[in-house]
> 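Quick one: this structure, given as structure tokens, is what I'll be asking you about.
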Amino acid sequence: MRTQIADYLKDLTIGNRKELFEVLNFIAPLVDCWSLAEPKSGKQIMRYASANARKSAYVEFSIPKKSGGQRTISAPIKPLKAIQSAINILLQSIFVPDNHATGFVLDRSVKDNALIHVGQTCIFNTDLENFFPSITKIMIRKALHRELGDKLQSKEVINIICRLCTVPNSSGIEVLPQGAPTSPALSNIVLKSFDKDMSKLAERMGCKYSRYADDITFSHSKSIRRMSLFWQSRIYNIIAGYGLKVNEKKTKTLVRGTRQEVTGVVVGDKINVPRSCVKHLRVLLHLWKKYGYTQAQIIFTRDFCKGKEKNLVNVIDGKINYLEMIKGKDDSTYRKLKSWFNRLQWKEKQRSNQMQKAI
């Protein structure tokens, strides 16, 4: 599918709204946004182009942050989400992110981000506060002209993408919504020059640099154990120059002898998962083994999810897949926990089949 889209877009330029709509109607059926038999008209796509239309086209809700507090999600309603999903595939197909950007990039992950900083003496982590809503329509428009002007060859096309992929905030400023499928790709487009500036600074510092979404990491292997205040101020100046703000609460320096983490992955002489991750996985598997799946699901919802329904199998499966990604298929811890999970699933299936036969 992606090869087909890439081939279609390879030598294609988009010079007006009609050509943009044709491209979206080619992409959308391939990624199940809408049917080939029912292409969207320009009028249907532009239905959400006005700020007023988009104000009512999002559903807002909050989810808890790992670090505490709440994160507000602005999820587009289904018709707008379909249009944004098609635009997202278009953007991903014609934009090449900076090599130092590892988040929201095909074939890159938190593992790739962490590997950059393995074996370093000092790791400096900071975080961009209120990331997506800090990126405005003006910033997006400039970045699309700068990075994709050869493909998106008219102001009209760029303006349509900007309008369809932003939402007015409480002050009336149109920004990236936290929850739209296009926000990750657009953030990488906006921050491509930021990543270049940061990587140049890192080179002058004798450091390594990477960015995973809003998480920024510098590291070095010098004998000095701290990042100097001079260099920290240079980092902060670049961030401020792009209209972004540092989250001081998430800014920290990690040195050898302490647990060094990059985007949740432990880095030392090699990458690893935090012990708490393995411990939590063992607890969930033990609950299932001891109480059976039905009771374990009840306990999990009550004691681990504050009453919010989450599927225990899916959670365990996700954690085991994460373990495999970081530690590898040959790791003994991964293999033992994966085997335990498979046995529990098999027993649950056998129990379910016996109950069906009894009925």
> Assess whether a salt bridge exists between E174 and R163, defined as any Lys/Arg side-chain N lying under 4.0 Å from an Asp/Glu carboxylate O.
no
> Checking side-chain polar atoms at under 3.5 Å, does N125 have a donor or acceptor matched by the opposite partner on K250?
no
> Would a 4.5 Å heavy-atom cut-off, applied to side chains only, mark L344 and Y293 as touching?
no
> Would you compute the distance between atom CD1 of I14 and atom CD1 of I161 and round it to the nearest 0.5 angstrom?
6.5 Å
> For K319, is there any backbone N or O sitting under 3.5 Å from a side-chain donor or acceptor partner on E324?
no
> Taking the side chain as everything from C-beta on, heavy atoms only, tell me whether Y209 gets closer than 4.5 Å to E203.
no
> Under the criterion side chain to side chain contact (heavy atoms under 4.5 Å, CB included), which of V267, V262, I123 is the partner of S219?
I123
> Can you see which heavy atom on A101 is nearest to which on D195, and at what distance?
CB-OD2, 3.6 Å
> Does H117 form a ring-ring contact (aromatic ring centres under 6.0 Å, His included) with F218? I'd like the steps, not just the answer.
CA-CA 8 Å; H117 305 284; F218 284 79; 8.5 Å; no
> Taking E38 for the side chain and S35 for the main chain, is one N or O donor matched with an acceptor at less than 3.5 Å?
no
> State the CG-CZ distance between L24 and R17, to the nearest 0.5 angstrom.
12.5 Å
> Could you tell me the separation between the CD1 atom of I140 and the OG atom of S187, rounded to the nearest 0.5 Å?
9.5 Å
> Grab the two heavy atoms, one from L337 and one from I320, that are nearest each other, plus how far apart they are.
O-CD1, 3.8 Å
> Taking atom types as modelled and ignoring hydrogens, do the side chains of S339 and R335 form a donor-acceptor contact shorter than 3.5 angstrom?
no
> Is atom CG of L106 surrounded by more than 12 heavy atoms (other residues, nucleotides or ligands) closer than 6.0 Å?
yes
> Is there a side-chain contact between F341 and Q345, using heavy atoms and a 4.5 Å cut-off?
yes
> For K222, does its backbone N or O pair with a side-chain atom of T121 as donor and acceptor, under 3.5 Å?
yes
> Check this for me, if you would: do D269 and R256 make a salt bridge, where the nitrogen-to-carboxylate-oxygen distance has to be below 4.0 angstrom?
yes
> Donor-acceptor pair, distance only, cut-off 3.5 Å: does the side chain of Q260 make one with the backbone of L254?
yes
> Which atoms form the tightest heavy-atom contact between G264 and Y322, and what is the distance?
O-OH, 3.8 Å
> With a 3.5 Å distance limit and no angle check, can you tell me whether D317 reaches the backbone of V313 through a side-chain donor-acceptor pair?
no
> Tell me, yes or no, whether the heavy-atom count around L12 atom CG, taken from other residues, nucleotides or ligands under 6.0 Å, exceeds 12.
yes
> Identify the two heavy atoms, one from Q153 and one from D150, that lie closest to each other, and give their separation to 0.1 Å.
NE2-O, 3.0 Å
> Would the distance check show the side chain of R71 and the main-chain N or O of S62 forming a donor-acceptor pair, the cut-off being under 3.5 Å?
no
> If every non-hydrogen atom of E348 is compared with every non-hydrogen atom of W288, which pair is closest and at what distance?
CB-CZ2, 4.1 Å
> Any chance CZ of R141 has more than 12 other-residue heavy atoms, nucleotides or ligands included, within less than 6.0 Å?
yes
> Taking the side chain from N169 and the backbone from G172, do they hold a donor-acceptor pair closer than 3.5 Å?
yes
> Distance alone, cut at 3.5 Å: any donor-acceptor contact between the side chains of Y212 and D112?
no
> Using a cut-off of 6.0 Å, state whether more than 12 heavy atoms not belonging to R275 lie near its atom CZ.
no
> Classify the ring geometry between F26 and Y8 as parallel (under 30°), tilted (30 to 60°) or perpendicular (over 60°).
parallel
> Taking NZ in K81 as the centre, count heavy atoms belonging to other residues, nucleotides or ligands within less than 6.0 Å. Is the count above 12?
no
> In Å, rounded to the nearest 0.5 Å, how long is the span from CZ of F131 to CG of D215?
9.5 Å
> Does atom NZ of K151 have more than 12 heavy-atom neighbours, drawn from other residues, nucleotides or ligands, at distances under 6.0 Å?
yes
> Could you point out which residue of N188, T217, T263, N113 forms a side chain to side chain donor-acceptor pair (under 3.5 Å) with R211?
N188
> Under the 3.5 angstrom rule, does the side chain of S109 hit a backbone N or O of K111 as a donor-acceptor pair?
yes
> Please report the interatomic distance CD(Q120) to SG(C207), rounded to the nearest 0.5 Å.
8.0 Å
> Under 3.5 Å, is there a donor-acceptor pair between the side chain of T251 and the main chain of N247?
yes
> Determine whether a donor-acceptor pair (N or O, by modelled atom type, separation under 3.5 Å) exists between the side chain of R54 and the backbone of T166.
yes
> Is the count of non-hydrogen atoms from other residues, nucleotides or ligands lying under 6.0 Å from Y291 atom OH greater than 12?
no
> Could you tell me which non-hydrogen atom of G179 sits nearest to which non-hydrogen atom of P76, and how far apart they are?
O-CD, 3.5 Å
> Return all side-chain donor-acceptor pairs below 3.5 angstrom for residues 86-100, not counting sequence neighbours, or 'none' if the list is empty.
unit_1 : atom_1 : unit_2 : atom_2 : d
Q92    : OE1    : R2     : NH1    : 3.4
Q92    : OE1    : R2     : NH2    : 3.4
S93    : OG     : I89    : O      : 2.7
D98    : OD2    : H100   : N      : 2.9
D98    : OD2    : H100   : ND1    : 2.8

> Starting at CD1 of I135, measure out to CD1 of I189 and round the result to the nearest 0.5 Å.
10.5 Å
> Is it the case that the ring center of F124 lies less than 6.0 angstrom away from the ring center of H220?
no
